[in-house]
2 protein chains.
Amino acid sequence: MGAGPQISLDRSSPVPLYFQIAEQLEGAIVSGALAPGDKIDNELDLAGRLGLSRPTVRQAIQVLVDKGMVVRKRGVGTQVVHGKVRRSVELTSLYDDLTAAGQDPRTEVLGLRRVEADEDVARELQLEPGAPVWSVERLRYIGDEPLALMHNLLPASLLDLDAIDLTRVGLYAALRDAGIWMRVAKQRIGSRRADARESRVLAERKGAPLLTMQRTAYDDAGRAVEYGEHAYRPDLYAFEITLVDR
Amino acid sequence: MGAGPQISLDRSSPVPLYFQIAEQLEGAIVSGALAPGDKIDNELDLAGRLGLSRPTVRQAIQVLVDKGMVVRKRGVGTQVVHGKVRRSVELTSLYDDLTAAGQDPRTEVLGLRRVEADEDVARELQLEPGAPVWSVERLRYIGDEPLALMHNLLPASLLDLDAIDLTRVGLYAALRDAGIWMRVAKQRIGSRRADARESRVLAERKGAPLLTMQRTAYDDAGRAVEYGEHAYRPDLYAFEITLVDR
DNA sequence: TAGTGGTCTAGACCACAAT
DNA sequence: TTGTGGTCTAGACCACTAC
């Protein structure tokens, strides 16, 4: 005991100490230096070895627990979970997801209009019915294959989408540029048949199954800032999710 | 300032103080006593008012942040998120989900066999190919409608499924009874056409879209303990997920 | 009994937002 | 400048597990 992976700390870095530890432990797990089933040094040893207080070390390990990479058991210790690390759905856009996966997504803007919110949209976005919203419809390609048809609605008061080239940046990037930071998203994932138009733009047969996602996203002030209805080609996309019991 | 909902603490209770606070704040949000956009008392005030240290209060609020019910912003405060509270997918079985939603799920066991793990299953469950596993296929009804066709595989060394009446308890309940506690699950959600048999047992038309989920679950020792392939009728079921950027 | 994580205290200093 | 959450310290006692 007491060996474990080498961890180096930079106290002059703006990166919090607990995060530096978490990053390096995660690296050791991903690289295989810490194998599934291995125990991580207990919190007191690790704190002593790094010259930190126990709560700081504990906070670091909690990051890994939240990611589902390790499990803690009182009286036993902290063990690396079996099974390959599967990237979970995070609070990122599809564009970010694909870019991170080394893909090269391309986006075609099918429509960008300023419309009045109907009752459903107004409810989702916490607006008055009739309030101005941006309605943007985009088709995302992966290589030459159409992957997803995306319809998003955003309060027009938040930003000026008209001036933004959505073929070049993702929607979330445009929001970030406008100073809007997503913090919470509520999604509903389901499935249904493609209608005539969907099957045409997605190059699927009529009536083919689609994977659908409806999402409402909220910013760091708790405001609803985006409502989206997306349809994915299920042969090209699936949602991966890691659930943790804490 | 300094008003906020009344919170009562029971120091003799085995329920941790931070959890008692979180429960009561959550209750105030769900009941509407704390409305969307409202600010929660700041951490120091709340700590002072309750006679607790700040880290304890902070831990309580973190529970709500993790649930996506409030957002914190440095220099500003903690605010209740807009939008109705949507129950998120948690680490529970479909049976538990439905029971909690006030439904009355019924289960038909279509098959329960002890088989040898093929390569795919062995890899998912971290076993040697050929190791004995339970293979159980069940059909879940909601009312009179078939809702989901579920195929699960579990290491036979873990428990004796043969002796368990799976029509009466969920699979996860059977595992809990055997002293096995799920801690982490990795899911992949997609969609495809129903094949002939699936459309028959699910009372769907042939080729109808199905919502599919593959899951590997791990216990509190990090062991893979269950692999499942489930198919849901998309007109009766969808996955709801809350994502939080922490 | 020894070892582990779970909870809790009573502070400290800092970074960022609003005014 | 003031107020907020973000980070960190240096301990304490408890509950549970394994032996």
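Order of the sequence lines sets the chain letters (A, B, ...), proteins ahead of strands, with each chain counted from 1.
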Can you tell me how far [atom2] of [N] sits from [atom1] of [X], to the nearest Å?
{"X": "A:Leu46", "N": "C:dG3", "atom1": "CG", "atom2": "C1'", "result": "16 Å"}
{"X": "A:Gln59", "N": "D:dC8", "atom1": "CD", "atom2": "C1'", "result": "9 Å"}
{"X": "A:Gln79", "N": "C:dG3", "atom1": "CD", "atom2": "C1'", "result": "14 Å"}
{"X": "A:Glu43", "N": "C:dT7", "atom1": "CD", "atom2": "C1'", "result": "11 Å"}
{"X": "A:Trp181", "N": "C:dC16", "atom1": "CH2", "atom2": "P", "result": "13 Å"}
{"X": "B:Asp220", "N": "C:dG6", "atom1": "CG", "atom2": "C1'", "result": "15 Å"}
{"X": "B:Ile40", "N": "D:dG3", "atom1": "CD1", "atom2": "C1'", "result": "17 Å"}
{"X": "A:Arg58", "N": "D:dT7", "atom1": "CZ", "atom2": "P", "result": "16 Å"}

Centre of A:Trp134's six-membered ring, under 6.0 Å away, within 45 degrees of the axis: is that where NZ or CZ of A:Arg113 sits? no
Phosphate OP1/OP2 of [N]: any [X] side-chain N/O under 4.0 Å:
{"X": "A:Asn42", "N": "C:dT4", "answer": "yes"}
{"X": "B:Tyr18", "N": "C:dC8", "answer": "no"}
{"X": "B:Arg72", "N": "D:dT4", "answer": "no"}

Might you confirm whether atom CD of B:Glu23 has over 12 heavy atoms from other residues, nucleotides or ligands at distances under 6.0 Å? yes
Do [X] and [Y] have side-chain atoms, one donor and one acceptor, less than 3.5 Å apart?
{"X": "B:Tyr172", "Y": "B:Glu226", "answer": "yes"}
{"X": "B:Arg72", "Y": "B:Gln79", "answer": "no"}
{"X": "B:Arg215", "Y": "B:Asn152", "answer": "no"}

Non-hydrogen atoms of A:His82 and B:Ala224 that approach each other most closely: CB-N, 4.5 Å
Inspect the contact between A:Asp41 and A:Arg49 and indicate whether a charged nitrogen and a carboxylate oxygen are less than 4.0 angstrom apart. yes
Could you run down nucleotides 9-14 of chain C 5' to 3' and tag each one B, S or - for protein heavy-atom contact under 4.0 Å? BB-B--
B:Val76 or A:Phe19, whichever maps to the more 5' nucleotide of DNA chain D: B:Val76
